[in-house]
Amino acid sequence: MSENVVHLHKHTDPPTPDTAPTVLTVVPDEPPARPVPLWVRSGRAIKSGVTHERTKTVVRATARHGLYTLNGGRIVARRAWDGRTGSRYERMIRAAEAAGNLEAAEEWEERLQRFRAARHHRRMDLLHSPVEAAKGVAVGAGMSIGVLVALGVVMAISTGRVGDVITPLAATVDFIALLIRIVQIVWGPALTIGPFLALLALWSVGRKQHAAPAWALPANVRGGEGEPITPSIVVKALRDLGVPALRNAIKEMGDAGASMLGPITIAGCGVEVDVTLPSGVSTDEVQKRRKKLAENLTRHEHEVFITIPQAARTVRLWIADSGALDEPIGPSPLTTDESLTADYTKGKAPWGQDLRGDAAALSLYQRHLLITGLSNQGKTAALRALALWACLDRRVEFRIADLKGAGDWAMFDGLATVLIQGPADEQVIEATEMVESLVEEMNRRIEIRRSDPGAVFDPLIGIVDEAQVAFMCPVKDEDGRPYGGSKAVSRYFMAVRKVHNQGRVVDVLLWEGTQDPTDQNLPKLVREGAHTRASLALGTESQARMALGDKAVDGGAAPHLLRQGLDKGTLVVASDGIEIPAGQASITVRTHYINDEQATAITDRAKALRDGVTTLHAIDRGEERDPLADIATVLGNDTRVRTQEVITRLAALNADAYAGWSFIDLKRVLDAAGAEPYKSDGRMVVGRDRVARALADRDTEGSASAE
């Protein structure tokens, strides 16, 4: 036990009342640190040495290079065995029989018979080869000696010395002796170095084949730069997928699983292969392990797509070249070909490329459209790209409500008859009335179709971007009906449902873009009413099912597996308007990106195709209307407009006042004002000058009467 140290603090001045008394402080010594036992220090040192990164690197390198040599020998032996025997042909026969391809099995059987016949012929030749070789050597030696002697005789005659007769023969003997001495000198080192050269050759074979476990391979190989996809790699990836029934079935197959695979074909920036699963293994067991399968194939998860074709117990794998999906695709044809036009009825919009690198084009003819996805993934750009193509058909009329209000649709000013921009409740009300005007126009066209079944109408496309804002709007009208919501009292919901129900047959269509689909911001009846459903990256599988439907997701559609922020513009499409490989329910498309400047150039071309369109930025409601002034408003700068077009524009201007108007109503107002419609090119039109003159006369008369 250590002693305590006593410190005396004593004042030397005479004691005074203010002087403090002597203080005695006892400070114990710190106990000495306990020495760490030797065995503990040794254990720590051993642990540190074993777990040190340098040690791991050395162990991996040693194991890797040793296994390169060992497995290289195994590979060479296997190749030699395959070359000397018919085992390769037998494996292919078994695989063809297992796949039910009898023609291929017969072809491989024929090749095996030819191989065996050729081998038998070679073996029979070997029985006679020693005698033939001896005869050949004897004849060759005799002829060579004869030639040398003849050469010597010629030399002897030339020089006049008899001894030159054997000079060529002696020189040949000396040369042979020199070769023997060289062999004697080299033979010893060759015997010593030869085994090392053989091991080096085996190591080289193993290294090229990466014949070592993944943990022992270099970091750049383990990192998944992406090796070429071969049948053995696919089978190994499936075997190590963690499905016991699949692993056991592959082990029991005589062809090591080759019969499971169809042909591996190049498909765009990757390859595609169909895998027929053995009995007892379901397709969803493979689908659920997409990430692990991708890692087994040395790919990232987003580089492997699993779909379900029509064949039973079959999965279709599309495996991208490593890094290929991170490369941008080319520009849109809309931006590179200024002469490009559109045909709404028969044409298809150039939307982008599929995973195979083929052009992906979408038919818009009589199809309602829904695009959804997380925020900032390219939803508006994908929706706008379709509208930019359709606007190059001068027949197509647009009515657009952009409930984000960021100017993404500003270039349609002067092209769309209605353009609403903004996220406020006021814009939601206007967007609702815009969709209701679509319903009114649809009903009007249906009435015409009843009396004239052959009537043809120009396409009318309503677009609501950020539609979730409308569905979530809590505002109610003067009658207490909510604008938003998903019930029968909701004005926006019911207007959308009506357009979905009957608008297609009279070319009144509705396109919607929305974020994060849920039952609240995208009701079930609305999303199922769209003929074309597309989704960018989503957060969950349940959202993917809402966006695309159960059938598409069960068939392999997986927008929830797209990478947020990295797969911008990549969407999964379920539609009969786009070419989808047989047996699949969806297709993945990488869309062309068209920026605002390019979009403005395209809309300028579209405006040049039209006589001029007056865009309404707000829909007036509730006030008394001046029909003649409204007619002048919708005519805009157009010299003359067809009467039916005037009625359509009036309905868009104010559905409450003009949705039910017919030609008779329009003619009544114009006749009363002295601006009667007239024929031009065989069609009844309304002249801007006549209407302007009628308004001026009316104002003049009003002023005179006031005086």
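The basis for the numbers below is simple: all heavy atoms, side chains too, and nothing from hydrogens, waters or symmetry mates. The model shown is predicted, which means the values in this text are computed figures rather than measured ones.
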Quiz item: Between Thr603 and Leu388, is a side chain to side chain contact (heavy atoms under 4.5 Å, CB included) present by the stated rule, with each step listed?
Solution: CA-CA 7 Å; Thr603 53; Leu388 289 172; 3.6 Å; yes
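- Residue Lys379 comes nearest to Ile371 through the heavy atom pair CD-O, 3.6 Å, listed as atom of the first residue, atom of the second, then distance.
- For Arg545 and Asp554, the salt-bridge test passes: some basic side-chain N is under 4.0 Å from an acidic carboxylate O.
- Look at Asp665 and Arg668 and you find a salt bridge, because one of the NZ, NE, NH1 or NH2 atoms lies within 4.0 Å of a carboxylate O, short of that distance.
- Remark: Ser437 OG to Glu430 CD distance equals 11.5 Å, nearest 0.5 Å.
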Quiz item: Going through the distances and angles, do Leu670 and Glu676 end up as a side chain to side chain contact (heavy atoms under 4.5 Å, CB included)?
Solution: CA-CA 5 Å; Leu670 294 175; Glu676 299 86 353; 5.6 Å; no
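- Here Phe412 contributes atom CZ and Ile602 contributes atom CD1; the two are 9.0 Å apart, rounded to the nearest 0.5 Å.
- A donor-acceptor distance shorter than 3.5 angstrom exists from the side chain of Gln598 to the backbone of Asn595, with no hydrogens or angles considered.
- Listed here is the closest heavy atom pair of Leu628 and Ala673: CD2-CB, 3.7 Å.
- The aromatic rings of His500 and His368 sit tilted relative to each other, their planes meeting at an angle between 30° and 60°.
- Under the 4.5 Å side-chain criterion, counting only non-hydrogen atoms from C-beta, Thr307 is not in contact with Trp318.
- Within the 3.5 Å criterion, the main-chain N or O of Gly414 finds a donor-acceptor partner in the side chain of Thr615.
- With Ser535 contributing its side chain and Pro559 its backbone, the two residues share no donor-acceptor pair below 3.5 Å.
- Ring-plane geometry between Tyr658 and Trp661 is classed as perpendicular, the angle between the planes exceeding 60 degrees on a 0 to 90 degree scale with a lower cut at 30.
- Among pairs with a residue in residues 634-643, those fulfilling salt bridge (charged side-chain N to carboxylate O under 4.0 Å, His left out) read Asp458-Arg642, Asp638-Arg649, at least two apart in sequence or across chains.
- Contact annotation: the side chain of Tyr365 approaches that of Asp507 to within less than 4.5 Å [non-hydrogen atoms, C-beta and beyond].
- Ion pair Lys498/Glu436 not flagged as a salt bridge, since none of the NZ, NE, NH1 or NH2 atoms sits closer than 4.0 Å to an Asp/Glu carboxylate oxygen.
- Judged by distance alone, with hydrogens and angles left aside, the side-chain atoms of Arg533 form a donor-acceptor pair with the main-chain N or O of Met546 at under 3.5 Å.
- In this structure, a donor-acceptor pair under 3.5 Å is absent between the side chains of Gln502 and Arg445.
- The shortest distance between side-chain heavy atoms of Ile463 and Leu383 falls below 4.5 Å.
- Arg491 has a carboxylate O that lies under 4.0 Å from a charged side-chain N of Asp477, or vice versa, which qualifies the two as a salt bridge.
- The distance from atom CD of Gln468 to atom CD of Gln515, rounded to the nearest 0.5 Å, is 4.5 Å.
- The distance from the CH2 atom of Trp389 to the CG atom of Leu340 is 9.0 Å, given to the nearest 0.5 Å.
- Within the structure, salt bridge (charged side-chain N to carboxylate O under 4.0 Å, His left out) pairs that include any residue of residues 682-694 do not occur (at least two apart or interchain).
- When side chains are defined from C-beta on, Ile420 does not count as touching Leu616, because their heavy atoms never get closer than 4.5 Å.
- Taking CZ of Phe471 as the reference point, atom CD of Gln520 lies at 12.0 Å (rounded to 0.5 Å).
- Not a single side chain to side chain contact (heavy atoms under 4.5 Å, CB included) links Pro423 to another residue, sequence neighbours left out.
- In the model, Gln427 has no side-chain atom that pairs as donor or acceptor with a side-chain atom of Gln421 under 3.5 Å.
- Within a 6.0 Å radius of CG in Asp452, more than 12 heavy atoms belonging to other residues, nucleotides or ligands are found.
- Listed by first then second residue, pairs satisfying salt bridge (charged side-chain N to carboxylate O under 4.0 Å, His left out) with a partner in residues 383-394 read Arg384-Asp596, Asp393-Arg395, not counting sequence neighbours.
- Separating the NE2 atom in His560 from the CG atom in Leu374 is a distance of 12.0 Å, to the nearest 0.5 Å.
- Atom NZ of Lys607 is surrounded by more than 12 heavy atoms from other residues, nucleotides or ligands within 6.0 Å.
- Residue Pro677 comes nearest to Lys667 through the heavy atom pair CD-CG, 4.3 Å, listed as atom of the first residue, atom of the second, then distance.
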Self-check item: Worked check of side chain to side chain contact (heavy atoms under 4.5 Å, CB included) between Arg481 and Lys476
Solution: CA-CA 5 Å; Arg481 293 183 60 194; Lys476 297 182 179 180; over 6 Å; no
Output a table of donor-acceptor pairs, distance under 3.5 Å, between side-chain atoms of residues 568-581 and any protein atom two or more places apart or on a different chain; print 'none' if there are none.
| residue | atom | partner | partner atom | Å |
| --- | --- | --- | --- | --- |
| Ser575 | OG | Thr532 | OG1 | 2.7 |
| Ser575 | OG | Gly577 | N | 2.9 |
| Asp576 | OD1 | Arg367 | NE | 2.9 |

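- Between the side chains of Asn521 and Thr518, at least one donor N or O lies within less than 3.5 Å of an accepting N or O.
- Using modelled atom types, one side-chain atom of Asp337 and one backbone atom of Ser339 make a donor-acceptor pair closer than 3.5 Å.
- Shown here for Thr336 and Pro331, the closest heavy-atom pair between the two residues is CG2-CG, 3.7 Å.
- Two residues are said to be in side-chain contact when any heavy atoms from C-beta on lie closer than 4.5 Å; Val464 and Tyr492 meet this criterion.
- Asp425 approaches Cys473 most closely through the heavy-atom pair OD1-SG, 3.7 Å.
- The side-chain hydrogen bond (donor to acceptor under 3.5 Å, both in side chains) search around Asp358 returns none, not counting sequence neighbours.
- Under the 4.5 Å side-chain criterion, counting only non-hydrogen atoms from C-beta, Glu301 is in contact with Leu561.
- Between Val508 and Val439, every side-chain heavy-atom pair lies at or beyond the 4.5 Å cut-off.
- The backbone N or O of Ser486 lies less than 3.5 Å from no partner atom in the side chain of Ser490, so there is not a single donor-acceptor pair.
- At a threshold of 4.0 Å, the pair Arg527-Asp519 counts as salt-bridged, since one of the basic side-chain nitrogens sits closer than that to a carboxylate oxygen.
- Arg450 has a carboxylate O that lies under 4.0 Å from a charged side-chain N of Glu447, or vice versa, which qualifies the two as a salt bridge.
- Judged by distance alone, with hydrogens and angles left aside, the side-chain atoms of Tyr344 form a donor-acceptor pair with the main-chain N or O of Gln366 at under 3.5 Å.
- Looking only at side-chain heavy atoms (C-beta outward), Thr380 and Lys404 come within less than 4.5 Å of each other.
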Exercise. Could you check Val496 against Leu510 for side chain to side chain contact (heavy atoms under 4.5 Å, CB included), going step by step and ending with a plain yes or no?
Key: CA-CA 8 Å; Val496 171; Leu510 181 63; 3.7 Å; yes
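- Scanning both residues, Ala382 and Trp351, for their nearest heavy atoms gives O-NE1, 3.1 Å.
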